[in-house]
Amino acid sequence: MALNALVTRAKSKGELLAHLKKRGIEDDVAQATIYKLTESGLLNDQDFAQQWTDSRTRSKKLSKRTIAGELRQRGVDQESIDLALESITDESEYRMAFELGMRKLSTMSRQEPDVQIRRIESLLARKGFGYSTISRVMRELDLLN
């Protein structure tokens with residue numbers, strides 16, 4: 001058996017509850033299990049949200065908005081999401097977007113300027129960055145007036 005088949009990522013309470021229900025575990029048993037895991041400190045949505053946020057900003061360079069959506073999909077409560085996202089400032093989010101834009105621009109030196117603009121804007125939009133951040137990056141890269 002491969003090692004990565006044995007290693008799984010942490011799960012939120014919502015994900016674990018959904019997994020237990022999918023496996024046919026009765027609702028009251030699943031709720032009791034989650035309660036016991038939470039009380040023992042083995043299941044903590046705040047820690048999960050912080051680790052998820054750190055990982056997604058470091059490896060995927062995703063925006064706060066995208067990360068918040070991913071955490072909501074995983075059943076994390078809004079308070080835990082808000083606390084986890086406090087670590088991402090507007091300036092650090094802009095720096096992530098700028099770094100992505102610079103990296104993308106460096107691979108397109110032979111492309112027409114309109115192609116460069118379209119591709120960089122598309123990349124940043126897919127990562128979840130807002131219009132104001134994207135346009136600021138584009139101005140800093142001297143692609144927009």
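The basis for the numbers below is simple: all heavy atoms, side chains too, and nothing from hydrogens, waters or symmetry mates. Because the structure is a prediction, the values reported are computed rather than measured.
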Give, for atom [atom1] of [X] and atom [atom2] of [Y], the distance between the pair rounded to the nearest 0.5 Å.
X: Ile117; Y: Met138; atom1: CD1; atom2: CE; value: 5.0 Å
X: Ser12; Y: Arg72; atom1: OG; atom2: CZ; value: 13.5 Å
X: Asp82; Y: Asp77; atom1: CG; atom2: CG; value: 9.0 Å
X: Asp45; Y: Leu71; atom1: CG; atom2: CG; value: 9.0 Å
X: Ile120; Y: Gln111; atom1: CD1; atom2: CD; value: 10.5 Å
X: Arg126; Y: Glu121; atom1: CZ; atom2: CD; value: 11.5 Å

Donor-acceptor contact present, side-chain [X] to main-chain [Y], <3.5 Å:
X: Thr53; Y: Leu85; answer: no
X: Thr133; Y: Tyr94; answer: no
X: Ser40; Y: Lys36; answer: yes

Which atoms form the tightest heavy-atom contact between [X] and [Y], and what is the distance?
X: Ala30; Y: Ile25; result: N-CG2, 3.9 Å
X: Gly128; Y: Arg65; result: O-NH2, 2.9 Å
X: Ile134; Y: Leu124; result: CG1-CB, 3.7 Å
X: Ala49; Y: Ser80; result: CB-O, 3.8 Å
X: Glu15; Y: Ala10; result: OE1-O, 4.2 Å
X: Ile88; Y: Lys64; result: O-NZ, 3.2 Å

| request: Find out whether Gln116 and Leu141 are in side-chain contact, i.e. whether some heavy atom of one side chain is under 4.5 Å from a heavy atom of the other. | output: no

| task | May I ask you to test the Leu123-Arg119 pair for a side-chain heavy-atom distance under 4.5 Å? | result | no

| field | By side chain to side chain donor-acceptor pair (under 3.5 Å) - contacts of Arg74 (at least two apart) | value | none

Determine whether [X] and [Y] fall in the same hydrophobic cluster, where Ile, Leu, Val, Met, Phe, Trp and Tyr are linked whenever their side-chain heavy atoms lie under 4.5 Å apart.
X: Tyr131; Y: Phe129; value: no
X: Ile67; Y: Ile81; value: yes
X: Ile34; Y: Val29; value: yes

| said: Determine whether Lys13 and Leu43 satisfy the following criterion, side chain to side chain contact (heavy atoms under 4.5 Å, CB included), listing intermediate values before the conclusion. | reply: CA-CA 7 Å; Lys13 291 177 189 176; Leu43 189 60; 3.7 Å; yes

| remark: Here the ring-ring contact (aromatic ring centres under 6.0 Å, His included) pairs for residues 39-76, sequence neighbours left out, are Phe48-Trp52

| field | NZ/NE/NH1/NH2 to OD/OE distance under 4.0 Å, Glu91 and Arg136 | value | yes

| Residue of the set Arg56, Arg58, Gln50 for which side chain to side chain donor-acceptor pair (under 3.5 Å) holds with Asp54 | Gln50

| request: Show your working on side chain to side chain contact (heavy atoms under 4.5 Å, CB included) between Leu16 and Thr33 and close with a plain yes or no. | output: CA-CA 10 Å; Leu16 186 56; Thr33 302; 5.6 Å; no

Check whether more than 12 heavy atoms from other residues, nucleotides or ligands sit under 6.0 Å from atom [atom1] of [X], and answer yes or no.
X: Asp114; atom1: CG; result: yes
X: Gln78; atom1: CD; result: yes
X: Glu79; atom1: CD; result: no
X: Lys60; atom1: NZ; result: no

Tell me which donor-acceptor pairs under 3.5 Å the side chains of residues 95-104 have, and how far apart each pair is, sequence neighbours excluded?
from: Glu99; atom 1: OE2; to: Arg103; atom 2: NH2; distance (Å): 3.0

